[in-house]
Amino acid sequence: MDSLPLLADHPYASFLDQVEKPARYAGGEVGSVVKDWASVEARVCLAFPDVYDIGMSHLGFKILYKLLNDDPRTLAERCYTPWVDMEAQLVKRGLPLVSLESARPLRDFDVVGFSLQFELTYSNILTMLHLGGVPLRAADRGEDDPIVIAGGPTATHPEPIAPFLDAIVIGDGEEKATEVALAWARLKREGVPRRERLVAIARLGAVYVPSLYATRLDPDTGFEVVNRPLASGIPFPIERALVDLNKYPFPDESPTGGPEAIFDRMSIEIARGCTEGCRFCQAGMIYRPVRERDPEQIVDTVMRAVQRSGQDEVSLTALSTADVSCISPLIKKVTERLTAERISLGVSSLRAYGLEPDLLDELKRVRATGLTFAPEAGSQRMRDVVNKNVTEEQLLETAERVFSRGWGKMKLYFMIGLPTETDEDVRGIVETGARAAGAGRRAAGKGKPVDVTVSVSTHVPKPHTPFQWAAMDTLGEVGRKQRLLKDTVRPYRAVTLKTHEAHASVLEGIFARGDRPLADVLERAWRHGARFDSWEDKLDLAVWEEAFTHVGVDREKYLGTLPVTARLPWDHIDVGLEEGFLAKEYRKALQSRLSPPCGKVAGMFVHHTNLDDAKADARRLVCYDCGVACDMTQMREERLTFLDRLGAHRRSLPVLTDAGAAPPVAAAGPSGAPASDGGAERASVGGAERESVAATAATEPKSGDDGEPSRAEGEAPHRARRIAPAPKGRGGFRYRFRFEKAGPMALLGHLDVVRELPRVLRRVGAPMTYTAGFHPKPDMTFSPALSLGVISLDEYVDLRLERDLDPAALDALVAAMSAASPRGLVFSGAVKLGPEDPSLSKLIAGARYALAFARSAIGGDAEALLAARCSAALSAASLPIRREIDRLAKMVDVRQYLVRAEVGGPEVHAALARAGLVGDLVALEVEVDIRGSGAVKSSEVAAVITGEPGEAPGAITPPPHRAVRLQLFGRTSPAGSAAGERFSLFDLERARRVKPAPERTAALPLAADAE
């Protein structure tokens, strides 16, 4: 049953706490932008076809969200695919899918823009269109429907999804997003018919409008290919858009917070494109040429982003960060700045071979226990086939460098199913891992841990790569090779093998090289339940089998070898490569011949890291005529300029470590969990990496270092000058903060709130002290956790700050924290604690709650009925109820904790109104004990008082209600005793007179069911 609304005027308010992670749909994050719809010309909904937790890390969204909202003519709002439980609720209630910022249905926007990251998210696009009130097929949309547009890496081969899209942006979207939105909205206002509007959009260039192009069957393959344009003045082929990145600085502000994102860090794109030319990698081909951001701009962006977001981790991302020309001095510069801010640094897609030892020493300061590399193939011949410019010697050198510097783990990524692969190549994958482990053991020294993980995925041939014509391994062949790997790894204890389920890879391969008839298969599968196909536990192969059979599509033609001379379903998309270049590279691959990295001197694996060496090297840079116009002279000059700006004038000496010195300390997140040891994780379920930096956030290790900057003159009072180094362990100054959590914050889990508080403090420049140990974390203790959906007007946290603040400065800090918090989080006071002041866990003895019910849910004389129930409950000897946590059940006697229960008066109703609960309500005011041994939930109290008499303890269900925690308090008697007078947790004088009770376990303040 529905509860009282938590969010005023939100269409989902009454049932949000019935779904998993309800804050996914609430909005209100710091950095989100809500603009007046009447003040703009065009309204854009950025729609990400996956769940919020993944989409929040999407770099392309961050870029477009900032660009569109910075322009006074446009607004951008966000929408993510609802999880299956939320979709069921929307269908059941006949409600539309709405945006996060203004809760408007997708159909109300001028533009709905999808990000095409991965072929297996296509079914989610149909889900979002359907729930958003937009007709599925472009042909069925009317004059008033929004234009449905898409962009991203798979927009370069869009035919299977094309019938559902009005337009597709090819290439970089920074310029096109605003241009298309404004043009469409203007033409619509002028009354131009929809088809004519689409023609005008196509004529803008770099925009493919599928409905304006005819198709035919190619006789060599049976594929349906795009043949010719159906309107004059539209491009054929459609060329991509290409922008100068430095004209579009990476955003230093974007929505932050909410439920923990999969990649919960501030990721900064430092370059687009790649020099290496790996023949399996689509991103390395379609994002050419390599464009690097100005390093000064990067450093400034990093520091502003840290301050505005409050994140404790930063990641530098590129397709291959090791091949960014100034990566070594850039990492050093960023590390130097972040170390002072206690912010950890991750660097994606970074390999150690070729890097100077001093850079690895620098990385050791900001990483945890492992690094990740991608040799891709298990033999030198196969590495030459895929054009992976790395030798066996370099891989072993990498292992020696990594393990000799104290890392305990290394991850190696490989693929099976590559063209010309033999069983010897497959066995070589494990053997390469074993040799790396051996080199690591020798380098690490006796008794030191060495763990090499070999992760093997299945190669998926991708369009616009030299392997686009190659066959994909059958499921049977993939299974045989995986068994071969498992047999080979058995003798090697230091090697851990991980393989990936290949069914999803096969489906990915079909849609990657697919044509328009697959749209019918997609719609059929979607209508029969296909959802979240990129999630292994959600992919329903039977649904897809039925769809292929029903439509009559032969899957094998998409997976076999394709004729090099045939016309392909993506040939009308021009990504800038010269005709014949990919075929030439394919032939070289079949001959096991390498092509050297472009933009580097032949034989160099990384760029020069200092100005002196770069100037002294007059050799020509490699260019193998891929068709992309690169100015090598300008490229060389730009690199010299970047090195000069970073102050990298001469080669630096390696960092020497004192054997007797303390080991470097790596920072962890607020939860204190060990930092990740991963590197650039494979983002695709099977095969080629989703490497688009402008599209998908890579996964990087989490770690960091300590320190804090001094204050400049004239800052706000709470930014007092730091006069001593950061205290260690239990140093600093203790404070107790009081806060409220309502609206969207009441829908966040406790651990999400714990993560948010350090972010708030970073945003306002109030440095915290950290715990001692190998994984330091902010020194905080919270009041007992609340169940999801419970509002609180009286929450507390004890924490330590580095600064000694007087009362005026503390009041200013409290106000600043509220201003820097997400919607629903309000700080209402703070006091400084002395060494004699007991901690929260020793003080908290009980809580008062208001339980609010709609009068209609109680019926009759509601007050009299509830008063009788309260009296009966207080007279009962026991009030048992069944509590289930993680499928484990136990009986709880609520009566042991219930101190008082009565019908609430005007004061309680005033508190409910303050909490945002209004209407014809009747309320109970209850008081419960909180003891060192445990507590009782407000929902359990509501159940035993208002549930139907005579129900079994496990079946008691209260009427729909909303709980508000009104007060947490101490008692002048020891904690856990019902005797004694209540007092505020800010009343330090009385708190000091309380006889200390045994310290509560650390789990109580953090447990999700503590309350």
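Being a predicted model, the structure only gives us computed values, none of them experimental.
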Any heavy-atom pair between the side chains of Pro251 and Ile63 that's under 4.5 Å? yes
Do Lys332 and Glu336 meet the salt-bridge criterion of a basic N to acidic O distance under 4.0 Å? no
Nearest 0.5 Å please: distance from the SG atom of Cys630 over to the CE atom of Met632. 5.0 Å
For Phe373 together with Tyr413, are the ring centres under 6.0 Å from each other? no
Can you tell me if Thr256 and Gln311 form a side-chain donor-acceptor pair at under 3.5 Å? no
Quick one, Leu757 and Arg762 - any side-chain contact, counting heavy atoms below 4.5 Å? no
Could you tell me which non-hydrogen atom of Ala177 sits nearest to which non-hydrogen atom of Leu64, and how far apart they are? CB-CD2, 3.8 Å
Between Val764 and Ala816, which heavy-atom pair has the shortest distance, and what is it? CG1-O, 3.5 Å
Under 3.5 Å, side chain of Arg337 to main-chain N/O of Lys333, donor-acceptor pair present? no
Under 3.5 Å: donor-acceptor pair, side chain of Ser818, backbone of Ala815: no
Could you pull out the closest heavy-atom pair between Met56 and Pro255, with the gap in Å? CE-O, 3.3 Å
Check whether any side-chain heavy atom of Arg272 lies under 4.5 Å from a side-chain heavy atom of Asp172, and answer yes or no. yes
Val606 and Ala322 have their tightest heavy-atom pair at CG1-O, 3.8 Å
Taking only residues two or more places apart in sequence, or in another chain, which ones meet Glu400 in a side chain to side chain contact (heavy atoms under 4.5 Å, CB included)? Ala439, Ala443
Assess the residue pair Phe48 and Ile54 against the criterion (side chain to side chain contact (heavy atoms under 4.5 Å, CB included)); give the C-alpha distance rounded to whole Å, side-chain angles, the decisive distance to 0.1 Å, and a yes or no. CA-CA 9 Å; Phe48 192 83; Ile54 292 177; 4.0 Å; yes
Hey, does the side chain of Arg803 reach the backbone of Leu801 with a donor-acceptor pair shorter than 3.5 angstrom? no
Heavy-atom side-chain contact between Arg401 and Arg405 under 4.5 Å: yes
Check step by step if side chain to side chain contact (heavy atoms under 4.5 Å, CB included) holds for Leu643 and Asn610. CA-CA 6 Å; Leu643 291 170; Asn610 64 90; 5.8 Å; no
Residue list, ring-ring contact (aromatic ring centres under 6.0 Å, His included) with Phe739, at least two apart or on another chain: Phe827
If you measure from CG on Asn389 to SG on Cys278, what distance do you get to the nearest 0.5 Å? 7.5 Å
If only atom types and distance count, is the side chain of Thr771 paired as donor or acceptor with the main-chain N or O of Lys777 below 3.5 Å? yes
Evaluate the criterion side chain to side chain contact (heavy atoms under 4.5 Å, CB included) for residue pair Asp798 and Met780; output intermediate values, then yes/no. CA-CA 6 Å; Asp798 284 356; Met780 305 181 297; over 6 Å; no
Quick one: pull up OG in Ser325 and CG in Leu330 and give me the separation to the nearest 0.5 Å. 9.5 Å
Applying side chain to side chain contact (heavy atoms under 4.5 Å, CB included), name anything that partners Asn246, two or more places apart in sequence or on another chain. Asp244, Arg293, Asp294, Gln297
Any donor-acceptor pair under 3.5 Å from Lys600 side chain to His607 backbone: no
Rounded to the nearest 0.5 Å, what separates atom CG in Leu46 from atom CD in Glu101? 8.5 Å
Distance-only, no hydrogens or angles: does the Glu313 side chain make a donor-acceptor pair with backbone N or O of Met266 under 3.5 Å? no
How are the rings of Phe782 and His750 set relative to one another: parallel (under 30°), tilted (30 to 60°) or perpendicular (over 60°)? perpendicular
Qualifying residues under side chain to side chain contact (heavy atoms under 4.5 Å, CB included), relative to Asp70, sequence neighbours excluded: Lys66
Looking only at side-chain N and O atoms, does Asp612 offer a donor or acceptor that is under 3.5 Å from a partner on His649? no
Does the Arg763 side chain pair with the main chain of Ala820, one donor and one acceptor, at a distance under 3.5 Å? yes
For a quick test of reading the model, state the closest non-hydrogen atom pair linking Arg265 to Ser315 and the distance between them. CD-CB, 3.5 Å
Can you tell me how far OG1 of Thr609 sits from CD1 of Ile331, rounded to the nearest 0.5 angstrom? 11.5 Å
Which residues share a ring-ring contact (aromatic ring centres under 6.0 Å, His included) with Phe737, sequence neighbours left out: none
Derivation of the salt bridge (Lys or Arg N to Asp or Glu O under 4.0 Å) call for Lys832 and Asp806: CA-CA 8 Å; Lys832 183 179 178 183; Asp806 60 31; over 6 Å; no
Between Ser32 and Glu29, is there a donor-acceptor pair closer than 3.5 Å when you use the side chain of the first and the backbone of the second? yes
With Asp617, which residues qualify under salt bridge (Lys or Arg N to Asp or Glu O under 4.0 Å), at least two apart? Arg619
Looking at side-chain heavy atoms only, is the closest gap between Leu799 and Met768 below 4.5 Å? yes
Please lay out, stage by stage, how Val299 and Val334 fare under the test side chain to side chain contact (heavy atoms under 4.5 Å, CB included). CA-CA 6 Å; Val299 175; Val334 172; 4.1 Å; yes
What is the distance from atom CZ of Phe642 to atom CD1 of Ile327, rounded to the nearest 0.5 Å? 12.5 Å
Would you indicate whether the side-chain heavy atoms of Arg759 and Ser309 approach each other to under 4.5 Å? no
Main-chain N/O of Ser267 paired with Thr317 side-chain donor or acceptor, under 3.5 Å: no
Can a donor-acceptor pair be found, under 3.5 Å and without considering hydrogens, that links the side chain of Tyr287 to the backbone of Gly171? no
Show the nearest heavy-atom pair for residues Glu276 and Pro597, with the distance to one decimal. OE2-CB, 3.5 Å
Is it the case that Arg78 places NZ or CZ above or below the six-membered ring of Tyr65, under 6.0 angstrom from the centre and within 45 degrees of the axis? yes
Answer yes or no: is there a side-chain heavy-atom contact under 4.5 Å between Pro249 and Asp300? no
Could you check whether any side-chain heavy atom of Met410 comes within less than 4.5 Å of a side-chain heavy atom of Thr398, counting everything from C-beta outward? yes
